[in-house]
Amino acid sequence: MPELPEVERARALIAERALGRRIAAVDDTDTYVCRPHQPGELAAAFTGRTLSAANRRGKAMWIETDDGEGPILGLHLGMAGRIVVDDHAEGDPAPSDGNPSWDRFTLHFEDGGALTLRDKRRLGRAVLDPRIEALGPDAGEIARDAFRERVGRGDAPLKARLMDQAVLAGVGNLLADETLWRARLSPVRPAGSLDDDELDRLRRELRAAIRSAIRLGGVHTGELIEHRVRGGHCPRCGAELARATVGGRTTYWCPVEQT
DNA sequence: ACCTATGTTGATAC
DNA sequence: GGTATCAACATAGG
């Protein structure tokens, strides 16, 4: 299930392989993935348009058409979505092809190829003119001062604050655990209890975790992730990892090092 | 067979 | 307003 790094790889795939291609037909018949649109609405908006740019903020993507003159297509990979362009796929880290019966939304190009949202669980989205402003700054781009101010406040557990997409866009469950482990910070500490040095350290490790995951193929390549099982141990100090629900999600951390 | 788990988001309730 | 919980979806695994 994709977080910021997987989405960035999907965006890059679209940018490399789909821009400049003209849409001949659109399959928008999955009314759950295309909610709240009716079947045919997205087809009417995008048929005949040419893809001109692929953008991303956090886990949200949007594609411009007709050099910015046409409507904007918002895409979200949800919990199990991937983007397939012709025979290339990025997104959900499972085997690269997936099952074509999970195709939920498709742009068919005039040249015979296609861009598809393939999503096992149907929690992904394809929408017209998405509202990107509802998201906080991108987790990989946010400036130091903005990070201090937005993340370092509130009584909610630090991990919940990190995963709040209105605070900071792009961090999900695995990336949060990996980042907090790298920064040696406890996920259960109130976000407002961090000092500036801790917040700066958190931001630095977050950026490093994101860069590494984009390069290596996704958040599942993180150092902590393979140890993130019941009875798993900290790969640095060997202590048994703690496990609890934090911010509504299953959380693993090193109770010795992460304070 | 049945129950639990899953990397997301959004609506709802306090 | 901030925070917590549950539901939406479909599959995989014990």
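Letters A, B, ... mirror the listed sequences (proteins, then strands); counts begin at 1.
Side-chain atoms of A/Glu141 do not come within 3.5 Å of backbone N or O of A/Asp138 as any donor-acceptor pair. Under the 3.5 Å distance criterion, the side-chain polar atoms of A/Asp177 are left unmatched by any main-chain donor or acceptor of A/Leu224.
Residue contacts for A/Gly248: at a heavy-atom cut-off of 4.0 Å it reaches no nucleic acid atom on any strand shown. When heavy atoms are screened at a 4.0 angstrom cut-off, A/Pro157 is found touching the sugar-phosphate backbone but no base atom. Among the heavy atoms of the strands, none lies under 4.0 Å from A/Asp119. Contact annotation for A/Arg161: backbone-only contact, meaning every heavy-atom pair under 4.0 Å involves sugar-phosphate atoms and none involves a base.
With hydrophobic clusters built from ILVMFWY side chains whose heavy atoms lie under 4.5 angstrom apart, A/Leu4 does not share a cluster with A/Leu135.
The CD atom of A/Glu149 sits 9.0 Å away from the CD1 atom of A/Ile142 when rounded to the nearest 0.5 Å. The CD1 atom of A/Ile132 lies 8.5 Å from the CG atom of A/Asn55; values are rounded to the nearest 0.5 Å.
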Worksheet entry | Trace of the salt bridge (charged side-chain N to carboxylate O under 4.0 Å, His left out) decision for A/Arg9 with A/Glu6 | CA-CA 5 Å; A/Arg9 290 175 65 98; A/Glu6 287 83 356; over 6 Å; no

Item to complete: Walk me through it: do A/Arg122 and A/Asp30 pass the test salt bridge (charged side-chain N to carboxylate O under 4.0 Å, His left out)?
Response: CA-CA 9 Å; A/Arg122 296 174 75 205; A/Asp30 189 314; 3.1 Å; yes

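Atom pair A/Lys120:NZ and B/dA5:P shows a separation of 17 Å (rounding to whole Å applied). With rounding to whole Å, A/Met163 atom CE is found 12 Å from B/dT6 atom P. Summarising the geometry, the separation between CD on A/Gln165 and C1' on B/dG10 is reported as 12 Å, rounded to the nearest angstrom. Straight-line distance from the CG atom of A/Leu224 to the C1' atom of B/dG7: 14 Å, rounded to whole Å. Atom CZ in A/Arg82 sits roughly 20 Å away from atom P in B/dT6 (whole-Å rounding). Distance CZ (A/Arg228) to C1' (B/dG7): 8 Å, rounded to an integer number of Å. Across the protein-nucleic acid pair, A/Asp177 atom CG and B/dT8 atom C1' stand 15 Å apart, rounded to whole Å. Between the P atom of B/dT6 and the CZ atom of A/Arg230 lies a distance of 8 Å, rounded to the nearest Å.
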Worksheet item: Which string of ( ) [ ] | and . matches DNA chain C, if you list each base 5' to 3' and count Watson-Crick or G-U pairs only when both distances are under 3.5 Å?
Response: .|||||||.|||||

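A/Arg125 contributes no side-chain N or O that forms a donor-acceptor pair with the base of B/dT9 under 3.5 Å.
Nearer the 5' end of DNA chain C, as judged by each residue's closest nucleotide, is the contact made by A/Tyr32, out of A/Tyr32 and A/Trp102.
Using a 4.0 Å cut-off, some side-chain N or O of A/Thr250 falls inside it from OP1 or OP2 of B/dT6. Checking the phosphate oxygens (OP1, OP2) of B/dT9, a side-chain nitrogen or oxygen of A/His76 falls inside 4.0 Å.
Comparing C/dT11 with B/dG10, their P atoms are spaced 23 Å from each other, to the whole Å. Between the C1' atoms of C/dT3 and B/dG7, the separation comes to 22 Å (whole Å).
With A/Phe46 as the aromatic partner, A/Arg49 does not meet the cation-pi criteria of under 6.0 angstrom to the ring centre and within 45 degrees of the ring axis. Figure legend: A/Arg243 and A/Trp253 shown without cation-pi pairing, the cationic atom not lying both under 6.0 angstrom from the six-membered ring centre and within 45 degrees of its axis.
Of the candidates A/Glu198, A/Arg236, A/Glu205, A/Arg184 forms a side chain to side chain contact (heavy atoms under 4.5 Å, CB included) with just one, namely A/Arg236.
Nucleotides of DNA chain C that come within less than 4.0 Å of any heavy atom of chain A span, from the 5' end to the 3' end, C/dT3 to C/dT11.
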